[in-house]
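Down below is the structure, laid out as structure tokens.
First the proteins, then the strands, lettered A, B, ... as listed; each starts at 1. As the structure is a prediction and not an experimental result, all values here were calculated from the model.
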Amino acid sequence: MATEITAPPYRVIPIIPAIKPGAMEGLKPFVANDKIQEALGFPGELVEDWKDRAIAKMGDLLKKYRSLKVYLDACVHCGACSDKCHYFIGTQDPKNMPVARQDLMRSVYRRYFTLPGKLFPKLVGARELTKEVLDEWYSYYHQCSECRRCSVFCPYGIDTAEITMAAREILDSVGYGQKYSNEIIGKVNTIGNNLGLPGPALEDTLEGLEEDVKEDTGIDVRFPLDVKGAEVLLITPSADFFAEPHIDSLIGYAKVFHAAGISWTLSSMSSEAGNFGLFIGNYEQMRKIALRIRQAALELGVKRIVVGECGHAWRVAYSFWNTLTGIGDGAEDKFALQLQKQLDQRYRQPTHICELTWDLIERQAITLDPEANDNLIVTFHDSCNVARGSRMGEMAGGQFEIPRSIIRAAANHFVDMSDATTREKTFCCGGGGGLLTDDLMDLRVKGALPRMEALKEVADRDGVNFMATICAICKTQFSKVLPYYGFNMRMVGGVHQLVSNAIRLGGKE
Amino acid sequence: MIFAALFYAAFLILAGGLVYRISDYLRTPAPLKIPTTPAPTTGGGVALRMTREVLLFESLFKGSLWTWGFAMLFHGGLALVLMRHLRYFTQPVWSWVDLVQPFGIYAGFVMAIGLAGLWGRRFLVDRIRYISTPSDHLMLALLLMIAISGLSMKFLDHTDIIGVKAFFLGLEHFDPQPLPASPLLYLHLSLVASLMIIFPFSKLLHAPGVFFSPSRNQPDNPREHRHLSPWAAKLESES
Ligand code: HEM
Ligand code: HEM
Ligand code: SF4
Ligand code: SF4
């Protein structure tokens with residue numbers, strides 16, 4: 001980006017902005033090279049007959065995904081979703097309105113798959129799939145973080161994320177993939193995590209952490225790796241191993257396991273909770289990544305699988321693992337059957353680390369001293385994939401209550417941000433869905449606007465100085481964009497970072 | 001007799017088109033659990049959620065109050081008008097249709113007001129102007145003209161509704177009767193026939209579509225019950 005990136009100004013009254021056509025036109029994240037593409041079985045570069053192949057792929061997806069078909073048919077252009085996307089609010093580009101984003105594909109769908117579009121293309125807004133249209137897809141389907149906020153407000157629940165995923169799947173299939181996401185998937189497939197951190201490096205890091213915690217607390221808190229027969233396999237985003245502030249949450253999980261006396265382990269073969277297969281809408285890749293975790297669980301013989309703080313990872317784990325790998329109930333292949341026998345079905349499989357911690361707090365199996373966090377006035381950012389694509393606990397909405405309950409137990413001062421920006425209506429951090437890359441920095445800064453406005457409100461009114469969240473992407477994104485809005489980058493952190501500060505280790509009294 | 005042929009054709013296209021679309025939706029699997037959460041965890045809960053969506057437009061209410069208001073006026077009016085119209089097609093007229101009659105008289109106006117409001121948004125709100133296609137405008141124009149021609153028959157230039165009824169009962173018994181001569185009636189009926197023909201090919205598919213939306217019709221229970229589509233199950237046996 002040649003021009004300097006600046007944050008858009010806060011809106012004095014948060015009215016819906018006027019549209020600015022073309023504001024983000026031509027913005028493109030880096031395109032994947034042939035090595036990256038071919039490693040995932042996609043063509044290395046844009047194929048000669050991309051047009052026919054793209055249409056054929058679309059036809060294929062329309063047969064495989066009811067969501068895509070119904071969503072392309074049902075939209076009445078009512079506009080209820082039009083002002084709900086953080087990227088629209090931040091950029092004012094009308095093509096970032098969810099319905100307009102869908103229309104980029106719907107127009108092509110109409111032209112090739114519906115009668116009126118074949119007969120009267122102009123009338124129904126149908127158009128040919130040209131190279132310009134394909135480029136436009138590449139651009140605007142990489143300006144959607146697949147956060148599902150639009151689907152909350154649509155009278156038919158039309159989820160633009162599903163359309164975006166289908167578009168990316170089509171783009172990949174004609175050799176026009178995104179570098180960031182596809183490179184990462186390649187790394188998980190070969191090395192076992194998104195960062196490409198090899199086993200020995202991981203081992204070093206964990207040893208270093210044990211020393212740090214010992215120095216800090218005087219207590220031997222273990223960070224076990226590849227321990228066969230441990231009770232719990234912890235699957236956590238790899239950013240937790242080295243990025244700030246993520247690492248403080250990893251320390252938090254370790255302390256929880258320590259204090260509760262639960263034996264646990266990480267896996268070097270499968271050291272990643274994130275699953276970018278979701279972002280590119282590719283079922284096979286998503287399944288492949290999930291199967292690594294199943295394999296690790298089988299090899300280590302664990303009884304429970306627990307997932308660390310990561311938004312989309314929890315969506316995949318909670319909503320899709322049972323489908324992809326049969327870890328819960330009903331699968332029939334021999335690995336799944338073995339896994340089901342091995343796992344302790346008295347526990348929810350998989351369990352979110354927050355479910356585990358909250359359960360321990362409620363049973364008084366661990367003790368927290370909230371005074372430890374008295375220097376903080378805390379608020380909570382609901383991560384989009386957790387909020388709108390998963391659940392915790394038994395009740396609908398547990399994904400909102402459980403993290404808040406933990407925070408209240410770990411800190412004395414908690415304030416919620418405006419209702420219009422939390423729980424199911426939460427705004428994406430601006431970096432989700434495969435957009436957490438430097439080549440999209442401008443978009444990321446602008447997309448954070450609605451969350452930053454809500455944060456500013458509680459910071460000014462209640463003196464909030466810490467925003468807790470349970471997603472690795474949110475943490476990285478906010479660390480990067482907070483300074484653009486005049487906040488300290490250390491203001492964001494994990495829920496288990498608060499737990500880490502407050503938990504009583506060593507003797508229970 | 002042109003009208004008799006027209007209505008047989010329109011009916012066949014409408015019914016055939018809808019049966020085709022719906023069976024197509026039914027045949028297409030939803031491979032993943034994607035309810036927009038928080039979502040009900042049981043089938044009963046889903047039925048309630050769907051009822052709220054269909055009768056009260058719950059999500060739209062959260063999304064845009066203005067649109068919701070006009071949408072309720074239009075669809076509510078439309079529902080009453082259609083119920084009232086059943087008297088042309090049933091003999092004897094079902095008793096509940098009789099009960100609706102007094103409300104139905106005003107429903108035509110309510111429906112027209114709703115339509116006008118929805119149409120106004122397409123001109124006045126810049127975002128909605130941006131997304132509107134000519135077909136969006138035409139659809140509203142068509143419905144508004146149906147409403148206006150219907151209301152004119154009622155309040156300006158009465159039609160022989162006994163004759164209309166005879167004509168439609170005749171169609172039902174495959175014994176075509178003459179249609180009373182009336183320009184307004186001809187207009188009303190031609191527009192209605194076009195609406196029926198367009199229905200299965202247009203965004204009017206939102207009416208059946210809402211029931212098939214995976215983000216609304218799936219219970220949130222992926223950990224308790226495995227959800228596997230046939231094409232995904234095939235991957236299992238391959239690996
Ligand atoms: C299950 C039944 C139905 C449901 C739940 C439903 C729901 C909705 C909703 C929520 C909207 C969006 C708000 C709006 O723009 O009004 C809408 C729009 C619309 N509906 Fe329906 N509808 C149903 C049946 C029908 C039928 C039978 C027709 C026509 C004969 C119809 C015609 C329309 C039209 C034309 C629009 C677009 C209005 C505009 O352009 O702004 N609907 N419907
Ligand atoms: C084959 C189908 C239809 C027939 C035979 C028909 C016939 C008629 C007749 C005879 C009237 C005059 C009523 C009177 O004078 O008391 C009327 C009124 C009306 N029609 Fe239709 N119509 C049909 C379909 C529709 C549809 C699909 C709509 C809406 C989309 C509609 C909307 C109206 C309205 C708003 C009025 C005025 C209010 C009322 O009398 O209820 N009609 N129609
Ligand atoms: S899914 Fe999120 S990012 Fe994508 S269009 Fe909807 S609101 Fe915008
Ligand atoms: S809210 Fe739904 S139906 Fe309305 S314009 Fe948006 S996607 Fe289309």
Side-chain angles (χ1 to χ4, degrees), chain A residues 16 18-19 63-67 69-70 73-84 94 97 99-100 103 114-116 122-125 148 151-159 162 283-284 287 318-320 322-323 326 328-331 333 348-349 387-391 396-397 399 424, chain B residues 21 24-25 28-34 36-41 45 53 57 59-60 62-64 67-68 71 118 121 125-128 130-136 138 198 201-206 209-210 212-216 220 222-229 231-232 235-237 239:
Chain A
I16 303 162
I19 60 174
K63 285 205 191 68
K64 282 168 119 180
Y65 291 91
R66 184 190 292 168
S67 53
K69 176 172 269 173
V70 172
D73 275 343
C75 172
V76 295
H77 282 173
C78 73
C81 61
S82 64
D83 56 342
K84 302 301 187 287
M97 297 189 292
V99 44
D103 276 350
T114 70
L115 197 60
K122 281 262 156 45
L123 187 69
V124 293
R148 316 189 89 201
S151 84
V152 171
F153 302 96
C154 173
Y156 322 114
I158 294 176
D159 181 5
E162 292 289 312
Y283 192 96
E284 288 77 16
R287 179 160 183 270
Y318 171 85
S319 292
F320 306 154
N322 201 10
T323 295
D329 202 20
D333 70 294
R348 299 183 198 100
Q349 303 288 4
R388 292 184 284 263
S390 78
R391 172 162 59 102
Q399 69 271 37
E424 68 171 346
Chain B
R21 286 292 176 166
D24 200 20
Y25 291 157
T28 312
L32 292 165
K33 279 278 195 175
I34 57 165
T36 311
T37 59
T41 53
E53 287 295 354
F57 302 171
S59 298
L60 184 61
K62 293 183 208 161
S64 163
T67 315
W68 179 83
L118 290 170
R121 289 171 45 83
V125 183
D126 67 348
R127 286 168 287 120
I128 307 204
Y130 181 88
I131 56 174
S132 298
T133 61
S135 59
D136 293 327
L138 281 180
I198 294 170
F201 302 102
S202 67
K203 66 174 188 177
L204 295 180
L205 285 171
H206 68 284
V210 60
F212 293 94
S213 170
S215 49
R216 293 289 180 271
D220 174 25
R223 284 192 288 197
E224 292 78 12
H225 297 282
R226 188 157 197 235
H227 173 87
L228 198 64
S229 72
W231 66 259
L235 297 175
E236 301 260 292
S237 46
S239 66

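- When the candidates B:Phe201, B:Trp68, B:Tyr130 are compared by the number of heavy-atom contacts under 4.5 Å with chain A, B:Tyr130 comes out ahead.
- Using a 4.5 Å cut-off between heavy atoms, A:Cys78 touches chain B through backbone and side chain atoms alike.
- Heavy atoms closer than 4.5 Å to chain B are found in the side chain of A:Tyr283, but not in its backbone.
- Residue B:Ile128 touches chain A through its side chain alone, counting heavy-atom pairs closer than 4.5 Å.
- Chain A forms the most heavy-atom pairs under 4.5 Å with one residue out of B:Leu32, B:Leu60, B:Leu118, and that residue is B:Leu32.
- Side-chain atoms of B:Asp220 and A:Tyr318 include a donor-acceptor pair closer than 3.5 Å.
- Among B:Leu204, B:Thr133, B:Val210, the residue making the largest number of heavy-atom pairs under 4.5 Å with chain A is B:Thr133.
- The two residues B:Ser64 and B:Arg121 come nearest to each other via the heavy atoms OG-NH1, 4.0 Å.
- The structure places CD of A:Glu162 at 9.5 Å from OG of B:Ser213, a figure rounded to the nearest 0.5 Å.
- Interface summary for chain B: among A:Ala100, A:Gly125, A:Cys154, the most heavy-atom pairs under 4.5 angstrom belong to A:Cys154.
- Looking only at heavy-atom pairs under 4.5 Å with chain B, the residue among A:Ser151, A:Gly79, A:Cys81 that has the most is A:Ser151.
- Of all heavy-atom pairs spanning A:Arg66 and B:Phe212, the tightest one is CD-O, 3.5 Å.
- Options A:Arg391, A:Glu424, A:Glu284 differ in how many heavy-atom pairs under 4.5 Å they form with chain B, and the most are formed by A:Arg391.
- Contact annotation for A:Pro94: both backbone and side-chain heavy atoms come within less than 4.5 Å of a heavy atom of chain B.
- Residue with the most contacts toward chain B among A:Thr114, A:Leu115, A:Val152, A:Asp159: A:Val152 (heavy-atom pairs, distance under 4.5 Å).
- Only the side chain of B:Thr41 comes within less than 4.5 Å of a heavy atom in chain A; its backbone stays farther off.
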For A:Asp73 and B:His206, run side-chain hydrogen bond (donor to acceptor under 3.5 Å, both in side chains): C-alpha distance rounded to whole Å, both residues' side-chain angles, the deciding distance at 0.1 Å, then the answer. CA-CA 7 Å; A:Asp73 275 343; B:His206 68 284; over 6 Å; no
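- Summarising the geometry of A:Pro155 relative to B:Ser59, their closest heavy-atom pair is CA-CB, 4.1 Å, with the distance given to 0.1 Å.
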Evaluation steps, ring-ring contact (aromatic ring centres under 6.0 Å, His included), between B:Trp231 and A:Tyr65: CA-CA 10 Å; B:Trp231 66 259; A:Tyr65 291 91; 5.7 Å; yes
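- Considering every non-hydrogen atom in both A:Thr323 and B:Leu228, the closest pair reads O-CD1, 3.4 Å.
- Proximity to chain A (any heavy atom under 4.5 Å) is restricted, for B:Arg216, to the side chain, taken from C-beta onward.
- At least one test fails for B:Lys62 against the ring of A:Phe153: distance under 6.0 Å to the centre or angle within 45° of the axis.
- Within the 4.5 angstrom heavy-atom criterion, only backbone atoms of A:Lys63 (N, CA, C, O) approach chain B.
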